[in-house]
Structures are given as structure tokens and as C-alpha cells.
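Encoded as C-alpha cells, the structure appears first; notes follow it.
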Amino acid sequence: MSARLKLYNTATREVADFHPLKSGQVGIYLCGATVQAPPHIGHVRSGVNFDILRRWLSASGYDVTFIRNVTDIDDKILHKAVHEEIPWWAVAEKYERAFTDAYRALNVLPPTYEPRATGHITQMIELMELLIANGSAYAPGNGDVYLDVRHLKSYLTLSNQKLDDLQSAEDADLTYKKDPRDFALWKAAKPGDPSWPTPWGAGRPGWHLECSAMAHAYLGETFDIHGGGLDLIFPHHENEIAQSQSAGWGFANIWMHNAWVTASGEKMSKSLGNSLQVQEILKTVRGIELRWYLGSAHYRSMTEFSFEALEEASVNFRRIEGFLKRATDVLGETPEGVISSGFSEAMNEDLAVPTALAVIAEIMRLGNTALSAGDLAGVRVAAAEIRGALNILGCDPFDPIFATSSSANAELLDGLVALALEQRAAARVRKDFAAADAIRDQIAALGVVIEDTAAGTRWSIS
RNA sequence: GGUCGGAUGGCCGAGAGGCGAGGCUCAGGACUGCAAAUCCUGCCACACGGGUUCAAAUCCCGUUCCGACCUCCA
């Protein structure tokens, strides 16, 4: 089934059949976080979108090597260190943990490897040596190392811009740069800044170098997919391409970019003050619900965040979850997930999750009908297909990562609710509906919702 | 100035020449002691103006509005 996957490639601006470099294997490099602030939902949308890609590739039979980096040294981290009066590495560690926590809360699988920029200085120096040796980069003697953007003819092909159309930075200092658009591979150390020794003096990495060095280290000169947010196309990805291709590497075959989460129509950013931190949102919905919401729009579509839309998505998800739980009760077990043909077709079409959700809705309708008809075989098929779909979307409610309570008090709770339900059942038998309803209202006030079904009374915690 | 997106029903959100995606909300019905859950029915949308076509949300021309990037960005 893997042969039919189609993906959109930002470089060619079209959807095309996916052909891995090596049969049965896929190498993906995803630009992860620059750990200088807590993650907002835009950051984790990227994580969720590419996690779905990864899960789908795996389910399609590929052996996936998924590299997601951590950029743990950059200007903002250093600024923050000064501002917060703690070492830069403590800033990086603190926010890296915040990202890890957010990813875990949303069931984003840990990458195959998560390299940090500062752990790859050696590879960066080797790359710079190569680039200087072949004339595509230069060290003007001030401790900086720049890439000569005019040296690579294909510069800016990803963003389809012309070098001369770029508005050049007003503060470009041409004392050392040959061209104002030449960018720093390496920055000379300033007093108080962390630095590493190099043949050109002590300094620290520029922003783009780490991704070229790390992608090369773990995925080789040419690999299948490079991903990131839309806003990384320029300059970050263009500069990665410039560095890597100047080194003679093929670099990424396919470029995939996720769109933003917007707020009031605008891209989320800290400068606008409209960013919504993951930890804040998780006070209003469960991680699985936030993931469902973030994953439900197509990855290339902007999604406008609102608490109303989030709540709507949660309601939708709880219906699906409710079906799976009822099916599990009736079947006595949760069927293993299977991939339905409709779901597979949708996902193969450049990860058409919205279409896949329509498929899930249809399966659920059939499943619910089977449930009322007592058609256990039908229930089993529907539950298995839904579970298979939810697994790919990372929203399987039976995934242990989403397990809520430790079962220490579960038995006690079971017993107490059973006691209340027995009382209510007795009241209903003697047609004392006032008493029965009073019991229902009382436990509802405590958060226990009950449903009378043909098979008896079910309860769940709201 | 250059480059790139977007505007779809009360709301969210797909689609990309015909055969009404789907979800949420709402209204009605079935079921039910009543709820809840579920199922059924209903609510015929594509920014605006032209054009092409037997047929346009979809293609073409023009217009309006919104957003992104142009060296901090997921």
C-alpha cells in the first residue's frame, strides 16, 4: 500500500508520488525547537502534523528514521540568560524540558534521535572547512565565517525569490561581508558569550549551520524529507540548502511545511502577544483533545485558533471515544486497530486528514447502528477501523500514554458508583422516579454521568 | 517593491468543472418513565463583477478585503 502515497513538495509546488531513496526506508529531518521560550500551540501543531506523517509512513511499512533537532544556542537564548540571570545552558534546558513535556502530553512520539546543536560543533567546523576550501564560504579574519550567497547559483529556489529582489538588511555591515546578504555560519565570540574554539577563532554557531551539520550526520548527504513550519522556508531552509549544496550534498528530496495556527487572523508570535502556551490550553482540554483539534485541519491550511473551535473538536472527539468505549463494553475487549481502505486512501493523498475524518464519521455511524442492532461483528469491525485510524492520528484513547487515573482508587470508585446505581435501579423498579432522578442528579453533580441502555446502566466520569 | 497564501452555510472545515464531504450547533422525529446516548429527517454555502462551457465553488479576466515571508520565527 505504500506505493501510492503522494506528498506535496514545497520545492516543486506540486503533489507527487513518494519514492524513497532506499526501498522501504525513509529519512526525515524536522526542524524542532529553538529552546528560548515555552512552546505555544503553533509549535506543537508542527510536531503533531509531522508525527502523523511519521506514523502513517510507519504504518505503510516504512522503516522511518526521524530526526528532530533542538537548537540550544542562539541570540535569544543568550539574551534570556542575561535577562533571567541564569546560565544560557540552564535556559536551554528549561525550555527543552517544556517542549518535551508538551510533546508527551500530545502523544508526539519521541524522535529516533534528538540532536542538540551544541553537541555537533565538530561537525559544523568540518562543514565550514569544506565550504571554505571549495570557495563557497570565507573567514574574513574577524572571527566570523560567512557563506558567499553569490557562489551558489541555485540560491533561493525553494522560496522562488531573486537575490536582487531581497530587501537587504539595513544594518548590514560590509566591513567584512562581501555581500550584505551573505549570512553568518559562525559568529565570533563576544565577551561573556559562550564559545568554542575553531581555526578562525573562538565563537559560536550561526542559526542555520546546525541543521545542515546534523542532518548530514544522521541522515547522510541526501535524504528523503525535510520538514518545518512555513516561516522557515526563508531564510532558514534556503540557507540550509545553500550550505549543504555548496558542500556538494544533495540534501533533502522533498520539503514539507506546515501552516500556522493563527489568532485573530494573524500568525501567533510572542511579539504580538497573541501566543497561546500549550500548558495554558491544557488546563481547558485534555492533551488528546488538543491533539485532535490541532491535527484535524489539513497540515498545509492555516488554522484559526479559538476556544469555541477547540471545544467543538473536543465534543466531536468525545463522541468517537464514547463509541469505542461502548463497543469495548459490549465486546468485552478493545479490538486491535486496522486500517480501512477509505482511511488509507485519504491519508495517501498528501495526508488528507479532513477527508479521513469524514471516513471515521461514516464508520462510526455504521458502528453505532450495529451497536443498537446487537450486531457484534459489525461493532467489532467498526471499532477496529476507528481504532486503527485514531492510532495514526495519535488519538487512541486506549493508548497508555493517555491513561488518566492510577487505579489506586478505581475499585473504591467502582464500588461506590455501583452502590448508587443499585439504589437508583431499585427506585426505578418501584416506579419511584423522583428518587431515581435525585440519585442521578446527585452523582452528576459529582461528575459521574449515567446512561441507561438496553444492556444496563453505564456510567462515566465527565 | 519582490515572493507566497487565503475569503466556502450560524460556527469549524474539505473539495478543485457535473453526482450536495464531514463535524459542531439548531429544529423536528424514532427510542426512552424522564434524561443521556444513538439513529433518521431538515437547515442547498462557496468575497464581488464579468467571461469560457451543455454544465463553474472549481477554469479565464478584472476587483475588493485579509494574512505571511523578505535574515528572530513552528
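Only this structure's heavy atoms are used, side chains among them; waters, hydrogens and symmetry mates stay out. Below, chains carry the letters A, B, ... as their sequence lines are ordered, and counting in each starts from 1.
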Which nucleotide wins on minimum distance to the side chain of Ser372(A), given the candidates rA14(B), rU38(B), rG22(B)?
rU38(B)
Taking only the side-chain heavy atoms of Arg326(A) (C-beta and beyond), determine which of rC69(B), rG2(B), rA37(B) contains the nearest atom.
rA37(B)
For Thr303(A), answer base if it contacts any base atom (sugar-phosphate contacts may also be present), sugar-phosphate if it contacts only those atoms, and nothing otherwise; contact means non-hydrogen atoms under 4.0 Å.
sugar-phosphate
Would you confirm whether the ring centroid of Phe66(A) sits within less than 6.0 angstrom of the ring centroid of Tyr29(A)?
no
OP1 or OP2 of rA35(B) under 4.0 Å from side-chain N/O of Arg458(A)
no
Partner lookup for rG1(B), please. Criteria are Watson-Crick or G-U wobble with both distances under 3.5 angstrom; report none if nothing qualifies.
rC70(B)
To the nearest Å, how far apart are Tyr155(A) OH and rC70(B) P?
12 Å
May I ask you to check if Arg300(A) and Tyr8(A) form a cation-pi contact, with NZ or CZ under 6.0 angstrom from the six-membered ring centre and within 45° of the axis?
yes
With rounding to whole Å, what would you report as the distance between rC40(B) and rA47(B) at their C1' atoms?
35 Å
Report the residue (Ala436(A) or Val315(A)) whose heavy-atom-nearest nucleotide on RNA chain B is the more 5′ of the two.
Val315(A)
When all nucleic acid strands are considered with a 4.0 Å heavy-atom cut-off, which category describes Gly42(A): base, sugar-phosphate, or nothing?
base
When Glu362(A) and Ala33(A) are each assigned the nearest nucleotide of RNA chain B, the 5'-most assignment goes to Glu362(A)
Within the structure shown, what part of the strands sits under 4.0 Å from Glu238(A) by heavy-atom distance: base, sugar-phosphate, or nothing?
nothing
Using Watson-Crick or G-U wobble geometry with both distances under 3.5 Å, which nucleotide pairs with rC65(B)?
rG6(B)
At less than 4.0 Å, is any side-chain N or O atom of Arg300(A) found next to OP1 or OP2 of rG6(B)? Yes or no.
no
Looking only at the side chain of Arg440(A) (C-beta and beyond, no hydrogens), which of the listed nucleotides rG23(B), rC34(B), rA74(B) gets closest?
rC34(B)
What's Ser306(A) touching, base or sugar-phosphate or nothing? Going by heavy atoms closer than 4.0 Å.
nothing
Measure from the side chain of Asp452(A), starting at C-beta and using heavy atoms only, and say which of rG2(B), rC69(B), rA35(B) lies closest.
rA35(B)
Asp51(A) and Arg68(A) ion-paired at < 4.0 Å:
no
Give me the distance, rounded to whole Å, that separates rA14(B) from rG22(B) when you measure between the C1' atoms they each carry.
8 Å
By the 4.0 Å heavy-atom rule, please label Val449(A) as base, sugar-phosphate, or nothing.
nothing
Watson-Crick or G-U wobble mate for rG42(B), both contacts under 3.5 Å:
rC26(B)
Return the pairing partner of rU52(B) with a 3.5 Å limit on both distances, Watson-Crick or G-U wobble; otherwise return none.
none
Just N and O in the side chain of Ser296(A): are any of them under 4.0 Å from OP1 or OP2 of rC12(B)?
no
Using the C1' atom in both, what is the distance from rU52(B) to rC61(B), to the nearest Å?
10 Å
Counting any heavy atom closer than 4.0 Å, what does Asn160(A) reach on the DNA or RNA strands: base, sugar-phosphate only, or nothing?
sugar-phosphate
Using a heavy-atom cut-off of 4.0 Å across all strands, would you classify Ile233(A) as base, sugar-phosphate, or nothing?
nothing
Phosphate-side-chain proximity, Lys267(A) and rG5(B), N/O vs OP1/OP2 below 4.0 Å:
no
Are Phe223(A) and Phe251(A), when compared by the centres of their aromatic rings, separated by less than 6.0 Å?
yes
At under 4.0 Å between heavy atoms, what does Glu451(A) touch on the DNA or RNA strands: base, sugar-phosphate, or nothing?
base
Check this one for me: any side-chain N or O of Arg365(A) less than 4.0 Å away from OP1 or OP2 of rC40(B)?
yes
Opposite nucleotide pairing with rG17(B), Watson-Crick or G-U, both atom distances under 3.5 Å:
none
With distance as the sole criterion, do the side chain of Arg428(A) and the base of rG33(B) form a donor-acceptor contact below 3.5 Å?
yes
Regarding Asp75(A), tell me which of base, sugar-phosphate or nothing describes its non-hydrogen contacts under 4.0 Å with the strands shown.
nothing
Return the nearest nucleotide to the side chain of His298(A); candidates are rA36(B), rA14(B), rU71(B).
rA14(B)
Axial cation check for Phe305(A) ring with Arg45(A), 6.0 Å and 45° limits
no
In this structure, is the centre-to-centre distance between the rings of His208(A) and His237(A) below 6.0 Å?
no
Across the strands shown, which category fits Arg68(A) at heavy-atom distances under 4.0 angstrom: base, sugar-phosphate, nothing?
nothing
Under 6.0 Å between ring centres, would you say that holds for His257(A) and Phe50(A)?
no
Which base sits across from rA36(B) as a Watson-Crick or G-U pair, both distances under 3.5 Å?
none
Between the side chains of Arg13(A) and Asn160(A), is a donor N or O closer than 3.5 angstrom to an acceptor N or O?
no
Just compare rA68(B), rA74(B), rU3(B) and give me whichever is closest to any side-chain atom of Gln161(A).
rU3(B)
